[in-house]
Number of protein chains: 2
Amino acid sequence: MAKELFHPDIDQIDLSAVLDALSDPTRREIVAYLSEVGEDSCGSMSPFSSKTNLTYHLARLRESGVTRTRIEGPRRLISVRAADIEQRFPGLLPSILTAVRAADPG
Amino acid sequence: MAKELFHPDIDQIDLSAVLDALSDPTRREIVAYLSEVGEDSCGSMSPFSSKTNLTYHLARLRESGVTRTRIEGPRRLISVRAADIEQRFPGLLPSILTAVRAADPG
DNA sequence: CCATAAGTTCAATAACTATTGAACAATAGA
DNA sequence: TCTATTGTTCAATAGTTATTGAACTTATGG
């Protein structure tokens, strides 16, 4: 399980990939949740989807550059690369998070 | 050809649909172009893709609520629903257009 | 009415998406 | 060392996406 996880460099973060990643409601919920709590494990996101499916969605978020996953023991701690995304695409993430909160309060 | 074209009401514009529509580079180019010129016909967008494919992409933009298409004689005039999108998802479209211009100057 | 210009529809295609369950791997703690 | 916890990999599936060419429709102008 000590595999290296791929993360694109800031300059390699692609707008199509980011918008694609954020076009899925489950992934937006995950990103909104992580934005609130800062960092959390895959297991804490079980309300959002099945374990297998979470692996898939979290990989898409990570590979697009939206999130960062670091390995700590048997679990993965995931966080939103808010500063990186803001640097690359100013205003994008805030506007999407605002929309998510408006649509899905609480 | 005097068919009624579907356009979602402002309140029905869905974030997933909008992000999905804008996750495609061809469609982003179209939106960026239309944002500059204000309104133009399908035919003027031939540099972006084939005629058939443009019908497809323009339908996706229209059905997601990103653009409006009005019929004038034998042609369709398309424009970006900038104010509607701004009202529904503040800041979203400007941030994406900024990114498009930065990636694709000229 | 006829020709042309502007777009659409249709069927086909190859590629990708989200989702599932079963089996597996890796770590930490008793 | 055994075991529970955490998450991954794999194969399968049903649905969607972007793209194409051929045939069609509709409106305008001569």
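So that the names make sense, note that chain A is the first sequence line, chain B the second, and so on, each numbered from 1.
- For the pair A:Ser16 (side chain) and B:Ser23 (backbone), a donor-acceptor distance under 3.5 Å is present.
- Two residues, B:Lys51 and A:Glu72, neighbour DNA chain C, and the one matched to the more 5' nucleotide by heavy-atom proximity is B:Lys51.
- Dashed line: the shortest gap from a side-chain N or O of A:Asn53 to OP1 or OP2 of C:dA18 is not under 4.0 Å.
- B:Met45 has its CE atom 11 Å from the P atom of C:dT8, to the nearest Å.
- A:Arg81 and A:Asp9 get closest at one heavy-atom pair: NH2-C, 4.2 Å.
- A sub-4.0 Å separation between OP1 or OP2 of D:dT20 and a side-chain N or O of B:Thr52 is absent.
- The phosphate of D:dT17 (OP1 or OP2) has a side-chain N or O of B:Arg60 nearer than 4.0 angstrom.
- Distance, A:Leu19 CG to D:dT17 C1': 16 Å, rounded to whole Å.
- Cluster annotation: A:Val37 and A:Leu58 are assigned to the same hydrophobic cluster (Ile/Leu/Val/Met/Phe/Trp/Tyr, side-chain heavy-atom contacts under 4.5 Å, transitive).
- Remark: P of C:dA11 and OH of B:Tyr56 are 17 Å apart, rounded to the nearest angstrom.
- Judged purely by atom type and a 3.5 angstrom limit, B:Asp24 uses its side chain to pair as donor or acceptor with the backbone of B:Thr26.
- Look at CG on B:Leu58: it is 12 Å from P on C:dT9, rounded to the nearest Å.
- Close to D:dT28, at under 4.0 Å from its OP1 or OP2, lies no side-chain N or O of B:Arg75.
- At D:dG7, none of the side-chain N or O atoms of A:Thr55 fall inside 4.0 Å of OP1 or OP2 (strictly under the cut-off).
- Summarising the geometry, the separation between CD1 on A:Ile71 and C1' on D:dT8 is reported as 11 Å, rounded to the nearest angstrom.
- OP1 or OP2 of D:dT20 sits under 4.0 Å from a side-chain N or O of B:Ser50.
- Counting only heavy atoms from C-beta on, B:Arg76 has its side chain closest to C:dT8 among C:dT17, C:dT8, D:dT19.
- If you take CG of B:Leu22 and P of D:dA18, they are 12 Å apart, rounded to a whole angstrom.
- One can place CG of A:Asp20 at 9 Å from C1' of C:dT17, the figure rounded to the nearest angstrom.
- Whole-Å rounding puts the B:Leu61 CG to D:dT17 P distance at 13 Å.
- For D:dT17, the OP1/OP2 oxygens have no side-chain nitrogen or oxygen of B:His57 closer than 4.0 Å.
- Tested against A:His57 for a side chain to side chain donor-acceptor pair (under 3.5 Å), the candidates A:Arg27, A:Arg62, A:Glu29 yield a single pass: A:Arg27.
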